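The structure appears below as structure tokens.
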Amino acid sequence: MTVLNVNNISKSYGKFIAVDKVSFTVDGGCIYGILGPNGAGKTTTIRMIMNILLPDTGSITLFDQAMSDKLKSRIGYLPEERGLYAKMKVLDMLVFLGELHGMNAGKAKGAALKWMSELEIADWAEKKIEDLSKGMQQKIQFIGTVMHDPDLLILDEPFSGLDPINTQLLKDIMVRQRSEGKSIMFSTHMMEAAEKLCDEILLINKGQKVLDGKMVDIKNRYSTNAIQIEFDGDGQFIKDLPQVAGFDNYSNYVDIRLKDGIAPNDFLKLIVGRVNIRRFQATESSLNDIFIEIVGGEKNA
Amino acid sequence: MRNIWTIIKREYKDSVFKKSFIIGTIIGPVIMLSFIFVPALLIEMEVEKPYHISVIDFSGIMFDRLQERLNEKLPDGRQKFNFVKIETSQDGLQAVKTDLKKDIISEKIDGFLIIPAAIKNAENVEYYAKNVANLDLNRQLRSELNDIIINMRIEESGLDADLVNSITKRVGFKTIKIKKGEEESERGFGEEYLGTFAFVFILYLTILLYGAAVMRSVLEEKTSRVIEVLLSSANSFQLMAGKILGVGSVGLTQYLIWSLFGMGLVFYGSSMVNVESSWFSFSPMIFLYFVIFFILGYFLFATLYAAIGAMSNSDTEAQQLSMPVVFLLIIPILIMSMMVKNPDGTLATVLSIVPFFSPILMFSRINLTTPSLIEVWGSIALLLLTIVGAIWVVARIYRIGILMHGKRPTLPEILRWIKAK
């Protein structure tokens, strides 16, 4: 089931093209990541999906309807630039956000209290937001995003500025939403986080789609012949072996990329005896490597 | 619509229960009333005291005449001027002066006069006192001393004193104002215009204060980054409309409190406080126009202020950008004080229909004269059209401005925002 369909959208600011003919679809029950470096056009894309900015061209369909403000109550949106009214009481703030999402005051209050006790901040309901710690304010922000039980979560750089505890909390919320059949779309420039969470990804750079598809497929397609070894002894000779395409020496281990057609097993035979191997692992390329390979490759072309 | 209502509610609760609103609501009328009552009360309350003045009269001719002429009595029957003659020679003068100065410091006497022997040859009379700025006393002393000397000179010259006085008698000048279509007005300038000025001042101040409140509130949402969280469920137009209507209804609440307070004052207060209540005796029509022009003026200026809030990134920037808007409010105030002379002149009539000026100028003219209904409702219609136009333009600036952080937009950028899809 397709939840969101983005069809060929573009947006320019004056001469600057922020988003250039981007298309993708997000299915139900899936975590979808929009990845790219800062300034790639992630936020502009998300703002167009949220109907905050209008695309210059292209169309957006949500739940099989053309995107409009009416559909916003079915989305839980956490913008990159987020904040709360400092002088408001926590519960009043959440009830206000719930009402904006189309809940009545009573229902909003119930949902807010339920979430607050779940995140262990129920004692703060009558406190002013400015009296809360930053971590607690972030929790309030999450509650404001999910309290109206949206079918689709759209999170723009959700992990930026979060402490490890809240990062884990948010990941748990995302995974739980997916298990309930909801969809989650989020943007990030942190590839590691995306790699662990996403079912599908879209890579964009300079406003253009670079790559999209299922995480598993992409990994398979771009998996390179890479191994990681830890050893004692002088390993400098490895760099010069004809079978080796790439060599990165880190303090505790080395990353090695083998030339096509060279099996890790054969390579291992070459070095056994010359160094004392403590660990040997054949690795997949990280999303980071894939991104750098594709974007860097384009640059060279 | 629902979203606008939710935002209005939040905005209203946020402002009305704030300390600043409660204090402003109480202090506002207190200040207005003190402007009106305090000077009157001060004059009423000032108790006239008798003056004790010592006189050193070297001429030997002035003392008796002075005492004879300044023979007024205070309301409580005491003598207003109490002169004491001090006899001394020129040689003893310094010692006497020192003593008298001590008496002034210890407040035994209010002052002392030294009348030179050659007073008739226009030598100066000296008056020593702690308070030499008592205009009333100075004027009386000087004019009486003058009259005494002049009369003596006339007598010596052999002319008839009465004749000279009657020839040189000054012409009296009395002002009576004629008002169009009304009986002779007995009210003076103050009573005539103070009410109008007070109303216009409240109008100006509330439009300015509540307009700026909208600006600050928009800016606060921008700097606290709450704005995009709100955009997750409402659109920018709903946010702007909710904000303007919310702050506006706070303003109307304040008006309501003030007018209830004012009515209470007219009904009960005027009987207790013995002050002319003519300043309060405005017709209900005037009050109706007052509310209409407040609402319309507020909408126009709050819309402009909303745009400024959306364009700025800091209070300082907002202050700078709001200067032109403040000018749009000050200009009619300046025009108004000139218009008082001729409220039905062509210039005054035309300016009072110009949309940005009409809330203040047309309202002033309604107070000062009787503009035709076509003029009044024409200006209101024009104002409404301008508000619709302003909302259309500002909504477009607002939509993009609230998402922009960092540097202040340039004019071409703003024009591009307005044109953007």
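Here is how names work: the chains are called A, B, and so on, in the same order as the sequence lines, proteins then strands, and each is numbered from 1. Source: prediction; values computed, not measured.
- Considering every non-hydrogen atom in both Arg2(B) and Met103(A), the closest pair reads NH2-O, 2.9 Å.
- Checked against side chain to side chain donor-acceptor pair (under 3.5 Å), Tyr210(B) has the following partners two or more places apart in sequence or in another chain: Gln254(B).
- For Glu413(B), no part lies under 4.5 angstrom from a heavy atom of chain A.
- For Tyr13(A), the OH atom sits in a packed shell: over 12 heavy atoms of surrounding residues, nucleotides or ligands are nearer than 6.0 Å.
- Proximity to chain A (any heavy atom under 4.5 Å) is shown, for Ser236(B), by neither the backbone nor the side chain.
- By a heavy-atom distance cut of under 4.5 Å, Asp69(A), Lys72(A), Tyr77(A), Pro79(A), Glu81(A), Arg82(A), Gly83(A), Leu84(A), Tyr85(A), Met88(A), Met93(A), Phe96(A) are the residues of residues 59-96 of chain A near chain B, going up by number.
- Residue Leu256(B) qualifies as enclosed at atom CG: its count of foreign heavy atoms under 6.0 Å is above 12.
- Within 6.0 Å of atom NZ in Lys9(B), more than 12 heavy atoms from other residues, nucleotides or ligands are found, so the atom counts as buried in its surroundings.
- Between His101(A) and Ser232(B), some side-chain heavy-atom pair lies under the 4.5 Å cut-off.
- Contacts between residues 18-52 of chain A and chain B, defined by a heavy-atom separation under 4.5 Å, are made by Arg47(A), Met50(A), Ile52(A).
- Neither the backbone nor the side chain of Lys18(B) comes within contact range of chain A; no heavy atoms are under 4.5 Å apart.
- The contact between Glu220(B) and chain A is made entirely by side chain atoms (from C-beta outward), counting heavy-atom distances below 4.5 Å.
- The stretch residues 126-164 of chain A places Gln141(A) near chain B, each with some heavy atom under 4.5 Å from a heavy atom of that chain.
- Of the atoms belonging to Ile227(B), not a single heavy atom falls under 4.5 Å from chain A.
- Here the shortest heavy-atom pairing between Leu97(A) and Val229(B) reads CD2-CG1, 4.0 Å.
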